[in-house]
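Each chain gets a letter, A, B and so on, in the order the sequences are listed, and its residues count up from 1. This one's a predicted model, so the numbers in the text were calculated from it and none came from an experiment.
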Amino acid sequence: MNQLPPAYDPDAVEGPVFQRWTEGRLFEQKTEGESPFTVVIPPPNVTGSLHMGHALNNTIQDVVIRRSRMTGTPTRWVIGTDHAGIATQNKVEQRLAAQGLSRYDVGREKFIELCWEWRDEHGSIIIDQLKRMGCSCDYSDEHFTMDEGYQRAVRKVFVDWFEKGLVYRGKRIINWCPRCSTALSDIEVEHEELDGHLWHLRYPLKEPVGGRDHVVVATTRPETMLGDTCVAVHPDDERYRDLVGATVVLPLLGREIPIVADEYVDPSFGTGAVKVTPAHDPNDFEIGERHGLDKINILTAEATITAEGGPYEGLDRREARTRVVADLEAAGLLVGVDDHVHSVGHCYRCHTVIEPWLSDQWFVDMKPLAAPGIECVRDVRVTFHPKRWENVYYHWMEGIRDWCISRQLWWGHRIPVFYCDECGWQGASMEDVEVCPKCGASVRQDEDVLDTWFSSQLWPFATLGWPDQTPELDFFYPTTVLSTARDILFLWVARMIMSGLYFIGDVPYQDVIIHPTVFNAEGRRMSKSLGTGVDPLDLMAHYGADGMRFGLMLQVTGNQDIKFSEDKLASSRHFANKIWNASRFVLMNVGEDYEQGEPSAETVADAWILSRLADLAAHVDKGLITYEFGETARALYDFFWNEFCDWYIELAKPRLAAGGAARKAVLDNLVFVLDSAVRLLHPMMPFLTEEIWGRLPLSDAERAEALMVAAWPDPAALGRFRNEDAERSVGLLRELVSSVRAVRARYSVSPKVPLEVSVKAPEAEGAVLLSMSDDICTLAGIGRFEVGTDTARPAHASVVVAAGSEIYVSLEGVVDLAAERARVTTELGRAQADLDRLTRKLANEGFLAKAAAEIIEKDRMRARDLATTVSKLTGQLADLTE
RNA sequence: GGGCGAUUAACUCAGCGGGAGAGUGCCUCCCUUACAAGGAGGAAGUCGGGGGUUCAAAUCCCUCAUCGCCCACCA
């Protein structure tokens, strides 16, 4: 016998169900068939552990993947992790620091070995957490961005772009993180508005000009004056015209620097005179280039002052600022300090303030790559969901700047460029180079590694075997949909599109889902370090994996970020339990000898639930195809709870009790509807549904190895069950039953006391109600039920106008006439107001002339109904007054 | 400086041109033999302010306010 425990226990179900999926090898890729559906997971960092963003994003991916798999499409979800250069290196350095060591103490080779050890120890943590969520990735084929094959792919990309001249080396101002000790690309810098100061500094002239002996400059970073090589003014600025060409003596250091004229200077900002530090500001660098100035580097890699800073050498940048300002003030050269809000760049990995720093780095020339990347979205080969993200994408792509790809780290893909110091040869190569091909001297390899995102951009095709032309690449590329957080739209999504187009000649995916960001209840970013986060593992412990998944899906909308609400998870857990118990009810009624038969519309209730099921299947199918997860979750919730459980199961009970053919027919329908609905729910609640489905007494035709690979309900085929008459009839039934229940509640009549109800209804409605009178009596607890076209109002009755009828509930000795009068008066007022508004609308010629015919017709019907209601209520009020 | 999103019931949010919805919370009643993680009933909103378009606006347009986010070489 199929006996379920009375409450759903996720802990008892999830483990065994996942094990069944694994043992059945149901996650593994299938390469038979056509038009495969492929998703590549945004590879989590090996250093990572599951956070709410992962929980949301991976639920979304699993939902679309599971639906696809059930439709019989060859479906594959590619899994793997990212080596995460900076993050992993930081972890390993921390580990070394605990032993009082730095990476330089152990050396490059040993350090990389330690990184691999870290990966071996921690890399599976996040994968196990995805399994805990029920994600149906192809775990048999896990990838890593430092795998041997992947390394070959990265090298191939670099060498190819190097040879095409798209990769080049240059001395530029880059973003330097002094803590990570590496360059960063522009989009790895997070800008933050901070309250700072604008210091006004007096720079003395070497010789007075026109009676003036100084010029005042303004700066937000006074310590950089140590690297100043000129002062710039606008060429048209009358105030400074005489000073152009004069010489300034740089305070504190005594260096003589010129005053130059440059268009860049905005005369309206500050004093109109700018101190220029070409080695520490991108704009100043440009000015320096134009005027042939020296570029004096005053900062070391650790952001301490270099020997160029004279007496300030060795000071940290903060101390240097304090000392420089103090010394200038002592010398009477500090004119003033204003408060000034400006945005300061921080490292996206460690939040240290970055320094613009002049150094030799490798760059990718992005403009030629961006053009096709823009084109493929314009011609809808790639579509963003929600669509508005396309504008954000275009904006960035159109203004794209070159990408600094070299990192001064050890953990990562080492740049495959070799230099000969003897003859100056340099080259990039797929194979390591030992000796110079020109002069035969030994060569050295570039010390730097590539930006982690340089390898991540290859994820959709490097995981499929590229640069080899593998069958997998041929079959699964391009992938179908990429789901991701918006903060890596530029870092990752855009670059995958560009590299995919360049190397494979096709877009990497057709659809891009940019999912909402999960914030905490206060609307703040969830963050472990701030203690504002919620741990998905805790949530799963409380609500089950399905409860968490469904609760998240309920919160997904197309245009709003998620202020995470644990309430939704609680109601999802209740929902899971509700489904569990509905299933338990059905299974309790199914005997050993039950054999599944065809569903059939034996009664109005059957026709109704089958019609509702058809509607649900259409909604869910469309909702998942168009990535409307919140709406889809709500449709499932409403169907299961408010239609199947609240009404259909209740309507089924008397027939189950009746036995015989009636019982068999309703059982067939219960099993069919539950089966179909559970299939539709499976993508969002995989564990619960798998467990229930496995226990359903299905015919061989409906059976499958597991629900996970069972057939997705076909909305077109279910369309045969659509039945508007049945939906209207059950609508009347529900209205009548609810009205009677309301009367019962109003007078606190125990549910055990049967009521006497008579209904005065028009012919048509009356016939429908009569045909369902058994159901009505059961659901409303009615002992005697009469329907007629001219039923008289009994004495001592409470009267309700509903379902187009007057419903009299006899309540001898209980009815409070004054209360009834008050209630009827209120209802009458409301109905009259609605009727007045409608009447005015229907008298409006503009409305009659311009509104759609069906709208007018609908309003006319409503007006008729309201007029009936008003006259009935008026009659009742008269009765009650007598 | 530019752009995007939000503002609907106490809370979290759907709805996005024709009758104001859900979940949670709250109030009343009920342990009815699937489920008290439940059932039945109920209270609760001039849909941010102001203009406009339209026969009709929570829904479209403009504007203001507030909150949030993104982009921008903002000495």
Side-chain angles (χ1 to χ4, degrees), chain A residues 4 6-8 173 186-187 191 193 198-199 217-221 224 232 264-266 269-277 281-286 340-343 356 386 388-389 391-392 395-396 399 401 486-487 489-490 517 519 521 523-525 547 551 554-555 557 559-568 570-589 630-631 634 637-638 642 645-646 649-650 653 737-738 741-746 748-752 781 834 837-838 841 844-852 854-856 858-859 862 866:
Chain A
L4 297 184
Y8 176 55
I173 300 280
D186 295 333
I187 49 178
H191 292 275
E193 296 268 299
L198 195 59
W199 283 270
V217 297
T219 180
T220 54
R221 293 185 298 155
T224 62
Y264 165 77
V265 179
D266 175 4
F269 188 91
T271 62
V274 187
K275 58 181 274 312
V276 177
T277 321
D281 182 282
N283 296 309
D284 292 6
F285 179 83
E286 298 294 327
H340 182 68
V341 177
H342 63 145
S343 94
R388 72 189 133 89
W389 290 105
N391 288 328
V392 179
H395 184 251
W396 186 73
R401 291 187 288 167
R486 62 160 175 267
D487 52 358
L489 178 59
F490 309 142
T517 303
F519 293 101
R524 300 188 55 205
R525 188 165 228 102
L554 280 171
Q555 297 178 66
T557 78
N559 41 14
Q560 186 127 297
D561 283 327
I562 294 173
K563 253 197 258 177
F564 181 70
S565 148
E566 210 164 316
D567 283 355
K568 291 285 194 297
S571 49
S572 298
R573 184 183 61 165
H574 298 172
F575 180 50
N577 193 55
K578 187 75 180 176
I579 293 165
W580 181 260
N581 275 288
S583 308
R584 183 162 168 257
F585 174 79
V586 172
L587 292 172
M588 277 171 58
N589 279 286
E631 245 180 84
R634 255 167 262 127
Y637 188 100
D638 288 343
N642 304 127
C645 291
D646 285 353
I649 287 186
E650 293 308 317
K653 285 178 181 174
V737 169
S738 295
R741 283 172 176 168
V743 171
R744 189 192 285 281
R746 198 180 309 136
S748 303
V749 180
S750 159
K752 290 177 181 123
D834 284 352
R837 215 189 38 192
L838 261 185
K841 195 172 172 187
N844 183 332
E845 283 176 27
F847 174 68
L848 295 174
K850 298 191 178 173
E854 60 267 26
I855 297 292
I856 298 173
K858 208 172 131 197
D859 279 348
R862 275 180 54 219
L866 275 170

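B:rG42 and B:rU46 have their C1' atoms separated by 23 Å, with the value rounded to a whole Å. Of the C1' atoms belonging to B:rG50 and B:rC13, the separation is 26 Å, rounded to the nearest Å. Rounded to the nearest Å, the gap between the P atom of B:rA6 and that of B:rG15 is 10 Å. When the C1' atom is compared between B:rG19 and B:rC62, the two are found 29 Å apart, to the nearest whole Å. For the C1' atom pair drawn from B:rC35 and B:rG17, the interatomic distance equals 42 Å after rounding to whole Å. Between B:rC47 and B:rG39, the distance separating the two C1' atoms is 32 Å to the nearest Å. Taking atom P on both nucleotides, B:rA43 is separated from B:rA22 by 12 Å, rounded to a whole Å. Rounded to a whole angstrom, the distance from the C1' atom of B:rU63 to that of B:rC69 is 22 Å.
Taking the salt bridge (Lys or Arg N to Asp or Glu O under 4.0 Å) definition, one finds that A:Asp186 meets it with A:Arg401, sequence neighbours left out. Remark: A:Asp567 pairs with A:Ser565 by the side chain to side chain contact (heavy atoms under 4.5 Å, CB included) rule, at least two apart or across chains. With sequence neighbours excluded, no residue forms a side chain to side chain contact (heavy atoms under 4.5 Å, CB included) with A:His395. For A:Tyr637, the ring pair (Phe, Tyr, Trp, His ring centres under 6.0 Å) partners are A:Phe575, A:Trp641, not counting sequence neighbours. Listed by chain and residue number, nothing satisfies the ring pair (Phe, Tyr, Trp, His ring centres under 6.0 Å) test with A:His191 (two or more places apart in sequence, or in another chain). For A:Arg573, there are no salt bridge (Lys or Arg N to Asp or Glu O under 4.0 Å) partners two or more places apart in sequence or in a different chain. For the ring pair (Phe, Tyr, Trp, His ring centres under 6.0 Å) test, no residue two or more places apart in sequence or in another chain qualifies with A:Trp389. A:Tyr8 is linked by a ring pair (Phe, Tyr, Trp, His ring centres under 6.0 Å) to A:Trp580, counting only residues two or more places apart in sequence or in another chain.
Among the protein residues, A:Arg744 comes within range of no part of the nucleic acid, since none of its heavy atoms lies under 4.0 Å from any strand. A:Gly272 comes within 4.0 angstrom of a base, heavy atoms only. Residue A:Ala576 is out of contact with every strand shown, counting any heavy-atom pair closer than 4.0 Å. A:Ser748 comes within 4.0 angstrom of no nucleic acid atom, judged by non-hydrogen atoms across all strands. At the heavy-atom level, A:Val217 lies nowhere under 4.0 Å from the strands shown. Note on A:Glu193: a base of the nucleic acid sits closer than 4.0 angstrom, heavy atoms only.
Taking atom CD of residue A:Glu845 and atom P of nucleotide B:rU54, one finds them 17 Å apart after rounding to whole Å. What separates CG of A:Leu489 from C1' of B:rC70 is a distance of 10 Å, to the nearest Å. Here B:rG5 presents its P atom at 12 Å from CD of A:Gln560, a figure rounded to the nearest Å. Here B:rC69 presents its C1' atom at 12 Å from CZ of A:Phe490, a figure rounded to the nearest Å. Look at CZ on A:Phe519: it is 16 Å from P on B:rG5, rounded to the nearest Å. Atom CH2 of A:Trp396 is separated from atom C1' of B:rC70 by 14 Å (rounded to the nearest Å). A straight line from CG of A:Asp638 to P of B:rC13 spans 19 Å, rounded to a whole angstrom. Counting to the nearest Å, the C1' atom of B:rA56 and the CG atom of A:Leu838 are 12 Å from each other.
The two residues A:Thr220 and A:Trp199 have their closest heavy-atom pair at O-CZ3, 3.5 Å. The shortest non-hydrogen separation linking A:Asp561 to A:Thr517 is OD1-N, 2.9 Å. Residue A:Ser343 comes nearest to A:Glu193 through the heavy atom pair CB-OE2, 3.6 Å, listed as atom of the first residue, atom of the second, then distance. A:Leu554 and A:Ser572 make their closest contact through CD1-OG, 3.6 Å (heavy atoms, listed as atom of the first residue, atom of the second, distance). A:Ile856 approaches A:Leu848 most closely through the heavy-atom pair CD1-O, 3.6 Å.
The side chain of A:Asp266 approaches B:rA75 more closely than any other nucleotide in the set B:rC69, B:rA72, B:rA75.
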Mark up nucleotides 30-42 of chain B, 5' to 3', with B wherever a protein heavy atom is under 4.0 angstrom from a base atom, S wherever such an atom reaches only the sugar-phosphate, and - elsewhere.
----BB-BSSSS-
Between N or O atoms, less than 3.5 Å apart, protein on one side and nucleotides 9-12 of chain B on the other: list the pairs.
from, atom 1, to, atom 2, distance (Å)
B:rU12, O2, A:Lys568, NZ, 3.0

Considering only nitrogen or oxygen atoms on both sides, find all protein atoms under 3.5 Å from nucleotides 17-20 of chain B and state each distance.
from, atom 1, to, atom 2, distance (Å)
B:rG19, N2, A:Arg862, NE, 2.9
B:rG19, N3, A:Arg862, NE, 2.7

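For RNA chain B, each stem of at least three Watson-Crick or G-U pairs (distances under 3.5 Å) is given as range with range: B:1-7 with B:65-71, B:10-13 with B:21-24, B:26-30 with B:38-42, B:48-52 with B:60-64.
Between A:Arg837 and A:Asp859 there is no salt bridge, since no side-chain nitrogen of the basic residue lies less than 4.0 Å from a carboxylate oxygen of the acidic one. Contact check on A:Asp281 versus A:Arg221 returns a salt bridge, with a Lys/Arg side-chain nitrogen under 4.0 Å from an Asp/Glu carboxylate oxygen.
Sequence order on RNA chain B of the closest nucleotides to A:Arg388 and A:Tyr264 puts A:Arg388 first from the 5' end. Both A:Gly846 and A:Arg486 lie close to RNA chain B; mapped to their nearest nucleotides by heavy-atom distance, the more 5′-ward contact belongs to A:Gly846.
Under 3.5 Å, the side chains of A:Arg388 and A:Asn391 contain no donor-acceptor pair of N or O atoms.
Judged by atom type and distance alone, A:Thr557 does not reach the base of B:rC13 through any side-chain donor-acceptor pair under 3.5 Å.
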